[in-house]
Amino acid sequence: MVLQPRDNSDLDGPGSQPESSERAAITPPAPAPPTPRRVEIDNSTLRKLDIPAAAKASAVSIDDIDLDGLLSETPPARDSSPPKRRDSSPSIRRESSPGSPRNWTPTPPSGTVLRIPPAGSNPVVTVKGVPPASERAEPLGMHESLARLGVGVIETDGSGAIVSMNGAAQKLLQRSPADGRVSIEEVLHTGAPASRSPTSDDASALAGDTGTAWLVRPNGEPISVRHVASPRLGEQGSLIVLRESGASAVYTPTIARRARYDPLTGLFSRRGISERIDQAISDSRESLREVKDERRHALCYIDLDRFRLVNATCGHDAGDDLLQWVATRLNEAIDEGDFAARIAGDEFAILFVDHDPREAERKAREIQRRLGEFRFAWGHKTFLIETSLGLFPFGGDSEDGEGVLSAAAHACRIAKKNGGSRLQVYLKDDDQMVQSRRSMEWVAGIQHHLAEGKLILYAQPIFPISARKEVGGHFEVLMRVVDDNGRPQSPVGIIHAAENGRVMDAIDRFVLRKAFQTIGALPRRALRRLELFSVNLSAISLAREGLLDFIVEHLERSGVPPGKVCFEITETAALNNLDEVRWLIQELGAMGCRFAIDDFGSGHASYGYIEKLPVDYVKTDGMFVRDMMTNALHRAIVESVNRIATTLGIKTVAECVETADAAEVLAGMGVHYGQGWYYARPSPIGDVCKALDAD
């Protein structure tokens with residue numbers, strides 16, 4: 001008997017017609033002769049339908065399934081209300097009208113629909129929503145995902161035999177599992193690619209090994225590979241990951257693009273603009289119009305003066321919005337052929353291509369004006385957009401893009417240091433600017449310079465004025481920078497650059513360590529003659545954690561008596577770190593160390609807070625002492641500082657004493673100590689220490 005299957009178009013998805021009572025009268029065309037079919041049913045569905053264990057496979061014959069035993073005559077009741085949760089068990093619903101042959105549809109939670117005709121017919125099962133296994137894309141495992149990137153993965157057992165390879169490894173080895181089991185020792189070697197028989201040393205060297213090795217193909221061809229090998233997790237053998245040495249890096253184009261563009265603004269990144277500058281330099285060198293000193297291009301470095309205020313008061317979302325807003329304005333302002341970039345944080349750059357210095361300066365000022373005309377609003381807050389600009393004209397005589405960026409950034413820092421909201425043009429023949437840039441470059445390599453002995457210690461004696469002669473050794477530790485010719489130079493530029501670069505603490509700790517070592521190595525007689533030596537501490541050092549522990553450790557290690565050490569802190573540093581300074585004075589003072597306020601009189605509210613700091617000395621700023629003989633106001637300041645300090649029981653030191661007349665006036669004021677060229681010039685600390693041991 002041939003069963004006439006009814007129309008099941010209502011199961012075929014969108015576009016099917018609603019079921020009606022008239023459909024039972026429609027006679028469908030006769031079906032084609034039944035053909036036994038095999039269908040793919042997932043194991044979880046088979047388990048949930050309670051199919052016998054013998055039939056539980058990824059592909060089973062419908063003839064092996066007892067449909068009558070599987071399905072009951074009465075379908076379960078259907079709940080018309082929406083389900084409150086997704087049921088993990090399969091449901092069975094009836095798909096026939098009364099009086100028609102039984103036709104059930106088990107619906108597993110995976111969405112697979114099985115149409116099962118009644119018993120006694122030639123059963124046909126179709127799968128809706130799940131393509132055949134040959135067409136369905138299985139999720140990629142990790143090994144095959146790596147294979148798509150050209151990375152081979154090989155697994156070996158405890159004896160070194162290869163038990164699995166992904167596609168990339170098979171391609172590299174030109175072998176497949178059908179070729180039989182192969183030992184890793186036969187195909188992977190370390191050392192030179194010589195024709196030799198493998199040894200056990202090769203395999204043993206793989207465990208935990210990284211580096212270059214050689215794959216040997218069946219035809220004897222050696223292939224250089226980069227590899228790493230490690231034990232298999234929970235199993236014997238090794239897991240070896242390898243890649244051909246000459247292969248290109250994974251996703252190189254994508255990574256390269258990301259490196260050249262800023263993801264927030266879409267402008268060029270530092271690397272991207274540096275490459276454009278390199279190209280401009282190359283074009284200038286090759287141009288027939290290029291002459292030795294011609295500067296055809298210019299780089300404008302832009303720093304937002306008040307960006308931190310936006311971030312602090314409105315949050316980083318507002319900061320990001322401002323950066324994107326600035327990027328849009330820069331793109332609108334530049335000409336075709338020019339390039340804009342976001343270097344880092346709130347710093348931008350514009351490369352003016354084929355613009356002479358005057359034209360580039362005019363365009364830079366125009367961009368600064370256009371940015372300043374707008375107001376950035378966020379919520380109820382409105383911000384003025386002020387910028388500091390550094391402009392560096394350059395041509396074919398420049399070295400590279402990074403050098404141009406560095407010079408423009410340096411000019412920008414000078415503009416910001418001088419008050420901001422201005423433009424500074426970098427001039428190659430400006431000695432002060434060149435020296436300032438060299439100082440920044442020195443600081444950039446500070447650790448190297450310190451290790452190479454480019455910073456040496458000097459000392460300058462401090463004399464009691466009233467005694468008219470030296471009473472015990474008393475000096476301040478200073479430093480000098482050794483130039484390329486081995487000559488000591490003033491460190492003023494280095495100090496300013498280190499303070500701006502927030503690395504002055506590294507210099508302070510170097511000086512402390514070397515000074516303690518030098519003083520600690522003195523003979524006992526010289527150490528007894530030493531009254532006091534002073535070492536400077538910067539504001540950055542005071543703000544860094546661990547300063548107290550560092551000082552205590554090196555004092556103990558050197559054996560220097562704490563009572564012979566005086567720490568000098570500038571007035572500005574003391575004011576900015578008042579609580580920290582007070583705590584440090586309390587801790588080190590309890591050990592016997594002494595403290596001095598340096599450059600007193602040049603800061604703010606000096607007289608208001610000096611009584612709050614238990615210091616031993618006050619050093620009057622040399623700018624007042626140096627010209628007090630011709631400047632009545634400065635003379636009055638020196639006298640008032642001495643009077644107030646003496647009232648508080650603090651001894652005074654006058655810096656920059658250069659003449660006998662100045663020394664005499666200071667003595668008349670009652671100043672306790674003098675320091676300057678009139679008494680002694682700075683000299684190497686070794687020479688000053690030797691004088692303590694002289695007869």
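Index from 1, following the sequence. Quick caveat, the model's predicted, so the values are computed rather than measured. Heavy-atom basis, side chains included; hydrogens, waters and symmetry copies ignored.
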Notebook entry, point to check: Would you say Val187 and Arg175 make side-chain contact, with heavy atoms under 4.5 Å?
Noted result: yes
inquiry  = More than 12 heavy atoms of other residues, nucleotides or ligands under 6.0 Å from CG of Asn485: yes or no?
reply    = yes
In this structure, CZ of Arg370 is separated from OG1 of Thr387 (nearest 0.5 Å) by 13.0 Å
- After noting the C-alpha distance and the side-chain angles of Ser388 and Asp303, does the key distance pass the side chain to side chain donor-acceptor pair (under 3.5 Å) rule? CA-CA 5 Å; Ser388 297; Asp303 190 310; over 6 Å; no
Review point. Is the number of heavy atoms from other residues, nucleotides or ligands under 6.0 Å of Glu332 CD greater than 12?
Key: yes
message = Pair Leu322, Phe383 - check side-chain contact (heavy atoms from CB on, under 4.5 Å), show working.
response = CA-CA 10 Å; Leu322 174 57; Phe383 300 89; over 6 Å; no
Item to complete: Under the side-chain contact (heavy atoms from CB on, under 4.5 Å) rule, what do Ile277 and Ile281 come out as? Steps first, then yes or no, please.
Response: CA-CA 6 Å; Ile277 297 171; Ile281 294 173; 4.1 Å; yes
Distance alone, cut at 3.5 Å: any donor-acceptor contact between the side chains of Thr570 and Asp599? no
d(Leu371 CG, Phe348 CZ) to nearest 0.5 Å is 9.0 Å
In this structure, CG of Asp262 is separated from CZ of Arg271 (nearest 0.5 Å) by 14.5 Å
In this structure, CG of Leu391 is separated from CD of Glu361 (nearest 0.5 Å) by 6.5 Å
If you define the side chain from C-beta out and look only at heavy atoms, does anything of Leu351 sit under 4.5 Å from Phe268? no
*Output yes when a side-chain donor or acceptor of Asn577 lies under 3.5 Å from a complementary backbone atom of Glu580, and no otherwise.*
no
Between Phe624 and Asp627 the two heavy atoms that sit nearest each other are O-OD1, 3.5 Å
For Arg487, is there any backbone N or O sitting under 3.5 Å from a side-chain donor or acceptor partner on Asp483?
yes
Exercise. What orientation do Phe392 and Tyr426 show, parallel under 30°, tilted 30 to 60°, or perpendicular over 60°?
Worked result: perpendicular
Scanning both residues in full, the closest heavy-atom pair of Ser421 with Asp305 reads N-OD2, 3.0 Å
For Ser274 and Leu405 the tightest heavy-atom approach is CB-CD1, 4.0 Å
*If only atom types and distance count, is the side chain of Asp598 paired as donor or acceptor with the main-chain N or O of Glu568 below 3.5 Å?*
no
Checking the side chain of Asp346 only, and the main-chain atoms of Arg308 only, is there a donor and an acceptor separated by less than 3.5 Å?
no
Point to revise | Heavy-atom side-chain proximity of Phe352 to Lys363 below 4.5 angstrom | key: yes
Nearest heavy-atom contact between Cys314 and Lys381 is SG-CD, 3.6 Å
* To do: Tell me, with the steps shown, if Leu384 and Arg375 meet side-chain contact (heavy atoms from CB on, under 4.5 Å).
  => CA-CA 5 Å; Leu384 179 67; Arg375 301 294 182 270; 3.1 Å; yes
Test your reading of the model: is there a side-chain donor-acceptor pair from Arg270 to the backbone of Ile273, 3.5 Å cut-off?
no
task: Side-chain contact test, heavy atoms from C-beta onward, threshold under 4.5 Å: evaluate it for Phe339 versus Val353 and give yes or no.
output: yes
Within-4.5 Å side-chain heavy-atom neighbours: Ile494 and Leu455: no
inquiry  = Could you check whether any side-chain N or O of Gln324 sits under 3.5 Å from a backbone N or O of Leu264, counting only pairs where one atom can act as donor and the other as acceptor?
reply    = yes
Relative to the ring of Phe394, is the ring of His297 parallel (under 30°), tilted (30 to 60°) or perpendicular (over 60°)? tilted
d(Lys454 NZ, Gln489 CD) to nearest 0.5 Å is 12.0 Å
* Asked: Stepwise, does the side-chain contact (heavy atoms from CB on, under 4.5 Å) test hold for Glu244 with Leu215?
  -> CA-CA 9 Å; Glu244 190 172 356; Leu215 282 180; over 6 Å; no
Taking the side chain from Asn166 and the backbone from Val151, do they hold a donor-acceptor pair closer than 3.5 Å? yes
Exercise. Ser406 side chain to Glu402 main-chain N or O, any donor-acceptor pair under 3.5 Å?
Worked result: no
So that I can tick it off, tell me whether Arg362 and Glu366 are bridged by a salt bridge, with the cut-off set at under 4.0 angstrom between side-chain N and carboxylate O. no
CD of Glu347 to CD1 of Ile302, rounded to nearest 0.5 Å, is 11.0 Å
Quick one, Leu323 and Leu304 - any side-chain contact, counting heavy atoms below 4.5 Å? yes
For Met504 and Ser541, the nearest pair of non-hydrogen atoms, with its separation, is O-OG, 4.3 Å
ask   = Taking atom types as modelled and ignoring hydrogens, do the side chains of Asp283 and Gln279 form a donor-acceptor contact shorter than 3.5 angstrom?
value = yes
- Message: Using only atom types and a distance under 3.5 Å, with no angle test, would you say the side chain of Asp508 pairs donor to acceptor with the backbone of Leu537?
- Response: no
Nearest heavy-atom approach of Ser538 to Ala573 is C-CB, 4.5 Å
Give a yes or no answer on whether the side chain of Arg285 reaches the backbone of Gly396 with a donor-acceptor pair at less than 3.5 Å. yes
Review point. Side chains of Ile240 and Val153: closer than 4.5 Å at any heavy-atom pair?
Key: no
Checklist entry - Looking at side-chain heavy atoms only, is the closest gap between Arg513 and Phe550 below 4.5 Å? => result yes
